[in-house]
Number of protein chains: 2
Amino acid sequence: MVYSQVVETTRIAKATRAGGPRDRLMCAAKELTYRDGMQVGVDAILTAADVARRSLYQHFGGKDGLVAEMLKEEGERMEQIYADALAAGGDDPRERLRALFAFLEKLPDAPGYRGCRFVNADLTLADPGHPAHDVVRAHKQRRREMLEAELRAAGHPDPVTAGIQLELLIDGAAVNAALRPEERHTVAAGLLAQIVIDQGS
Amino acid sequence: MVYSQVVETTRIAKATRAGGPRDRLMCAAKELTYRDGMQVGVDAILTAADVARRSLYQHFGGKDGLVAEMLKEEGERMEQIYADALAAGGDDPRERLRALFAFLEKLPDAPGYRGCRFVNADLTLADPGHPAHDVVRAHKQRRREMLEAELRAAGHPDPVTAGIQLELLIDGAAVNAALRPEERHTVAAGLLAQIVIDQGS
DNA sequence: TAGTGAATCGACCGATCGGTCTACTCTCGT
DNA sequence: ACGAGAGTAGACCGATCGGTCGATTCACTA
């Protein structure tokens, strides 16, 4: 049973006219899997991308391949965004982390925000053998190392534990912001992150 | 494409022989939706519960009804478990919260742990109109009020923000423990929770 | 200009989805 | 002894799933 009215899928095709079939497929997959979940059908993606069925299987081998590749690209994009947010804080590591959490605080305000794409994907794909799991794990691993590096540069007394804690706050806020958007979880996360960052200074 | 070998589903029926068809359906739904995700098929649930197809639709009206009811019961069970964990801490509110996080720390050690059932369900069911969403939101609402009440009793300077922060830590740890089980996220969460709890004391 | 590879359309496949329905069995209260 | 309600077995429904394939069009290049 479906409770919500169907949101038009062809709309996306217009905004995605740029690039070849491969790019259009990636773009459509990004949008639809985020908005409608990973269970979104191949047909919906094809319609949105305005691409022939065969092109999908030639470029990506199948839905799983498309999904995995999409997460990979999105991971790289997100890591760049994180790096930019850190850079906005200047040179001081603590200030850089502060800037990062200030940036994350505003994320849920984006229209259509539905939480962290990677967490959602990993929890949705119950099959432990799905190729997307490795992509997500690798992405989260790199993000944690990024946090740890900043904490280490800041001379934090326990950068490993603190890195995990910052990760918990980021993911916890993303999950809760998606689940109950009316509350300002990211603000509370930012405040607590501040305490973690300032430990031992 | 399915990457993992199929885990036998009939096994569960044996462990669920107790009670009528309704109870067996609930039990099977709890197990299968947690282990295999909410996408698990009706047939798998019926086989595991060793129950006729018709019984499901007579008792619950459909899969969605079964799922919603199951989450409701599980919510009540979890709230009781939380209450017990708090009670283990005695009378002092801070000690009670400490006891709660000590309990939560051990949760991921349970075999087959796959994170928080409610978070997983809510993120998996992309359809915003699915009845399960209300059940999950209500459950999380009550859990937050429970945390807030303890913090208030402890004379915490900002029980609302701290309540949210504890929630972030719990959910963040659950998500990450499911995603990368090899790391001890709950320990880091417990340490940070301690700091939140002790604020202003 | 002829040839080649990419992209398109759309029919088609078997499998599975959630759900409906008929027919039969069992048990229990009257 | 008998009828009612609950449970079971399983065929069946339309829809959709991911995936394959033949036939065609088109752009680019040798």
Side-chain angles (χ1 to χ4, degrees), chain A residues 1-7 9-10 13 16-29 32-33 36-70 121 124-127 129-132, chain B residues 1-7 9-10 13 16-29 32-33 36-70 121 124-127 129-132:
Chain A
M1 170 95 66
V2 173
Y3 301 88
S4 330
Q5 63 279 25
V6 177
V7 214
T9 76
T10 48
T16 320
R17 281 264 176 236
R22 202 196 122 98
D23 291 343
R24 298 209 301 277
L25 277 171
M26 288 290 293
C27 187
L32 291 188
T33 57
D36 301 336
M38 307 299 288
Q39 315 96 321
V40 71
V42 167
D43 288 332
I45 297 178
L46 293 176
T47 302
D50 195 27
V51 149
R53 203 171 190 76
R54 173 159 256 181
S55 301
L56 190 158
Y57 291 91
Q58 252 163 8
H59 281 295
F60 301 100
K63 185 191 180 185
D64 293 343
L66 170 62
V67 161
E69 190 62 26
M70 178 268 293
T124 299
L125 302 172
D127 185 344
H130 196 288
Chain B
M1 169 94 68
V2 172
Y3 301 88
S4 330
Q5 62 278 27
V6 177
V7 214
T9 76
T10 48
T16 321
R17 280 263 177 238
R22 204 198 119 98
D23 291 343
R24 299 209 300 278
L25 277 172
M26 288 290 293
C27 187
L32 291 188
T33 57
D36 301 336
M38 307 298 288
Q39 316 94 319
V40 70
V42 168
D43 288 332
I45 296 177
L46 293 175
T47 302
D50 196 27
V51 148
R53 203 170 191 77
R54 168 159 259 189
S55 301
L56 190 160
Y57 291 91
Q58 254 165 8
H59 281 295
F60 301 101
K63 184 190 179 185
D64 293 344
L66 170 61
V67 160
E69 190 63 26
M70 178 269 292
T124 299
L125 302 171
D127 185 344
H130 196 288

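Each chain gets a letter, A, B and so on, in the order the sequences are listed, and its residues count up from 1.
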Please determine if a side-chain N or O atom of [X] lies less than 4.0 Å away from the OP1 or OP2 oxygen of [N].
{"X": "A:Ser55", "N": "C:dA6", "value": "no"}
{"X": "A:Arg54", "N": "C:dC12", "value": "no"}
{"X": "A:His59", "N": "C:dA6", "value": "no"}

[X], nearest nucleotide to its side chain (from [options]):
{"X": "B:Asp43", "options": "D:dG19, C:dC17, C:dT8", "answer": "C:dC17"}
{"X": "B:Val51", "options": "D:dT8, C:dA7, C:dG19", "answer": "D:dT8"}
{"X": "A:Ala52", "options": "C:dC17, C:dT8, D:dG19", "answer": "C:dT8"}
{"X": "A:Pro21", "options": "C:dT8, D:dT8, C:dG18", "answer": "C:dT8"}

Please confirm whether the backbone N or O of [Y] pairs with a side-chain atom of [X], one donor and one acceptor, at under 3.5 Å?
{"X": "B:Gln39", "Y": "A:Thr124", "result": "yes"}
{"X": "B:Lys63", "Y": "B:Gly41", "result": "no"}
{"X": "B:Arg24", "Y": "B:Asp50", "result": "yes"}

Seminar exercise, completed: Distance col, row A:Leu25:CG vs A:Leu46:CG, nearest 0.5 angstrom, shows 6.5 Å
Problem set entry | Rounded distance [0.5 Å steps], CG in B:Asp64 versus CD in B:Glu69 | 13.0 Å
Rounded to the nearest angstrom, tell me the gap between atom [atom1] in [X] and atom [atom2] in [N].
{"X": "B:Gln58", "N": "D:dG7", "atom1": "CD", "atom2": "P", "result": "7 Å"}
{"X": "B:Gln39", "N": "C:dC17", "atom1": "CD", "atom2": "C1'", "result": "13 Å"}
{"X": "A:Arg53", "N": "C:dA11", "atom1": "CZ", "atom2": "C1'", "result": "11 Å"}
{"X": "B:Tyr3", "N": "D:dG18", "atom1": "OH", "atom2": "P", "result": "12 Å"}
{"X": "B:Asp23", "N": "D:dA6", "atom1": "CG", "atom2": "C1'", "result": "15 Å"}
{"X": "A:Met38", "N": "D:dC17", "atom1": "CE", "atom2": "C1'", "result": "16 Å"}
{"X": "A:Leu25", "N": "C:dT8", "atom1": "CG", "atom2": "P", "result": "8 Å"}
{"X": "B:Ile45", "N": "C:dG18", "atom1": "CD1", "atom2": "P", "result": "8 Å"}

